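What you see is a predicted model; the values in this text were computed from it and never measured. What you see below is based on every heavy atom in this structure, not just the backbone, and it leaves out hydrogens, waters and symmetry mates.
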Amino acid sequence: MPGPLKLLLGPVLLRQGRQVRRQALRLPEAAGPREGVVSEGALRLRLLVVGDSAAAGVGVDHQAQALAIPLAERLALALDGRVAWQLVASTGHRAADALKALEQARLHPADVMVTSLGVNDTVGQTPVRHWLATLDALHGLAQARAGVRHTWHSAVPPMERFPVLPQPLRWVLGRDARRLDQALQRHLAGRADRGHVALPPMPGDAAGWMARDGFHPGLLGYQAWVEALTRQMLLEGAAALQPAEAG
């Protein structure tokens, strides 16, 4: 948003930010495994999911309702075989935190990576260039350490729709989130090994779409997110989704 306007609203935004941090409901990450194999038959794909609290399943009770396991299950069904998956995600992670986590994790081989990053970078006001450079480094590290052939970056969510955020903080963070996401789309344009995945539009009635904290996906939100990822991965990922090497 324009610098002078943000400066003018600064005291209000700081006060509202402190209030949200103090009063917001804090939900745990989803219970359940952080790696596994779904379905039967030949191994078709190895999936790595990296990111923040949404990737970690905050907003639902179990990983089977969140992102990684349902995405692996949908891909296994579409590819008619097993999909091995691994989740490296934590509440509060910015892109730089995710990069450090990936450096330190015991990674299994992976063919494709999906990321969920941007909300915490929006809140923390990470400069756009730094954020994009860190995502580049994340992709490069996944290639080097796990053998990833293609990365799909989930869009930065529409923070102007987050019920927990008061105005004008909601409006400001929504504008900043769109700025990051639009920069990411431009940055990835024409890339053969990386893609941007738009999130499905949130309905007017967000019941079930958002978690009860008003900040994270609910069950319906996760389901729609998985559907959007699956559809675009199958549409664009012909080479990356070729059967994995035996293992």
Side-chain angles (χ1 to χ4, degrees), residues 29 34-35 45-58 63 66-69 71-72 75 83-157 159 176-199 216-217 225-226 228-230 232-233 236-237 239-241 244:
E29 296 178 358
R34 294 296 178 107
E35 60 182 67
L45 190 72
R46 297 165 300 191
L47 168 70
L48 174 62
V49 176
V50 174
D52 52 19
S53 54
V58 173
Q63 293 296 338
L67 177 63
I69 294 178
L71 180 58
L75 291 170
V83 171
W85 62 275
Q86 183 176 9
L87 174 63
V88 180
S90 184
T91 296
H93 271 192
R94 304 184 192 185
D97 301 311
L99 180 62
K100 291 178 183 178
L102 205 64
E103 290 172 342
Q104 298 168 0
R106 178 180 173 272
L107 291 182
H108 301 303
D111 304 300
V112 299
M113 178 170 69
V114 168
T115 72
S116 167
L117 291 163
V119 167
N120 295 311
D121 288 280
T122 299
V123 173
Q125 297 291 286
T126 301
V128 172
R129 288 186 180 181
H130 178 68
W131 187 64
L132 295 176
T134 306
L135 292 181
D136 290 345
L138 189 71
H139 172 71
L141 183 63
Q143 286 181 310
R145 290 205 60 211
V148 163
R149 301 195 298 267
H150 197 108
T151 295
W152 278 276
H153 299 277
S154 293
V156 185
M159 298 187 70
D176 289 347
R178 284 197 303 274
R179 181 166 167 261
L180 276 189
D181 193 62
Q182 290 166 358
L184 179 60
Q185 292 181 58
R186 293 191 297 269
H187 187 66
L188 298 178
R191 290 290 300 259
D193 58 348
R194 295 168 70 188
H196 172 275
V197 181
L199 298 176
H216 291 92
W225 186 11
V226 168
L229 280 165
T230 303
Q232 191 154 334
M233 291 173 74
E236 296 180 352
L241 300 182

Practice task
Ignoring hydrogens and angles, tell me if any N or O in the side chain of Arg145 forms a donor-acceptor pair with the backbone of Ala105 under 3.5 Å.
Solution key: yes

Problem - Check: Leu199 and Pro157 side chains under 4.5 Å, non-hydrogen atoms - result: yes

Handout entry: salt_bridge(Arg94, Asp121) N-O dist < 4.0 Å
Key = no

Fill in the blank from the handout: The reported gap from OG1 in Thr230 to CG in Leu75 (rounded to nearest 0.5 angstrom) is 5.0 Å

Problem - Student check: side-chain heavy atoms of His150 and Asp111 closer than 4.5 Å - result: no

Handout entry: 4.5 Å side-chain heavy-atom contact, Thr91 and Val58
Key = yes

Problem - Check: Thr115 and Met113 side chains under 4.5 Å, non-hydrogen atoms - result: yes

Handout entry: N/O donor-acceptor pair under 3.5 Å between Gln86 side chain and Arg106 backbone
Key = yes

Handout entry: Trp131 side, atom CH2; Gln125 side, atom CD - distance, nearest 0.5 Å
Key = 13.0 Å

Problem - Side-chain donor-acceptor contact under 3.5 Å, His153 with Arg194 - result: yes

Exercise for the section: Decide yes or no on side chain to side chain contact (heavy atoms under 4.5 Å, CB included) for Val49 and Leu67, but give the supporting numbers first. Expected result: CA-CA 8 Å; Val49 176; Leu67 177 63; 3.8 Å; yes

Practice task
Over all heavy atoms of both residues, which pair between Ala89 and Ala55 is shortest? Give the atoms and the distance, please.
Solution key: CB-CB, 3.7 Å

Problem - Minimum heavy-atom distance between Trp152 and Glu236, given as atom pair plus value - result: NE1-OE1, 3.4 Å

Practice task
Take Leu141 and Glu103, measure what side chain to side chain contact (heavy atoms under 4.5 Å, CB included) needs, and give me the verdict at the end.
Solution key: CA-CA 8 Å; Leu141 183 63; Glu103 290 172 342; 3.3 Å; yes

Practice task
State, yes or no, whether a side-chain contact exists between Ser154 and Leu229 at a heavy-atom distance under 4.5 Å.
Solution key: yes

Enumerate, atom names and distances included, each donor-acceptor pair closer than 3.5 Å involving a side-chain atom of residues 180-188, sequence neighbours excluded.
from	atom 1	to	atom 2	distance (Å)
Asp181	OD1	Val156	N	3.0
Asp181	OD1	His196	NE2	2.9
Asp181	OD2	Gln185	NE2	3.1
Asp181	OD2	His196	NE2	3.2
His187	NE2	Asp136	OD1	2.8
His187	NE2	Asp136	OD2	3.1

Practice task
Answer yes if the side chains of Asp176 and Thr122 hold a donor-acceptor pair under 3.5 Å, and no otherwise.
Solution key: no

Fill in the blank from the handout: What one should report as the nearest heavy-atom pair of His130 and Thr126 is CD2-CG2, 3.6 Å

Handout entry: Side chains of Leu71 and Val114 in contact at under 4.5 Å (non-hydrogen atoms)
Key = yes

Problem - Shortest non-hydrogen separation from Ala98 to Val50 and the atoms involved - result: CB-CG1, 4.0 Å

Fill in the blank from the handout: In this structure, CG of Leu48 is separated from CG of Leu102 (nearest 0.5 Å) by 6.0 Å

Handout entry: Leu117 vs Leu135 side-chain heavy atoms within contact, under 4.5 Å
Key = yes

Handout entry: Any donor-acceptor N or O pair under 3.5 Å, side chains Ser53, Glu29
Key = no

Problem - Within-4.5 Å side-chain heavy-atom neighbours: Val119 and Met159 - result: yes

Problem - Nearest heavy atoms of Asn120 and Gly92, plus distance in Å - result: ND2-C, 3.3 Å

Problem - Atom pair NE2 (His139) and OG1 (Thr151), whose distance is rounded to the nearest 0.5 Å - result: 4.5 Å

Exercise for the section: Output, in order, the C-alpha distance, side-chain angles, deciding distance and verdict of side chain to side chain contact (heavy atoms under 4.5 Å, CB included) for Arg46 and His108. Expected result: CA-CA 9 Å; Arg46 297 165 300 191; His108 301 303; over 6 Å; no

Handout entry: For the student: nearest non-hydrogen atoms of Ala54 and Ser116, plus distance
Key = CB-OG, 3.8 Å

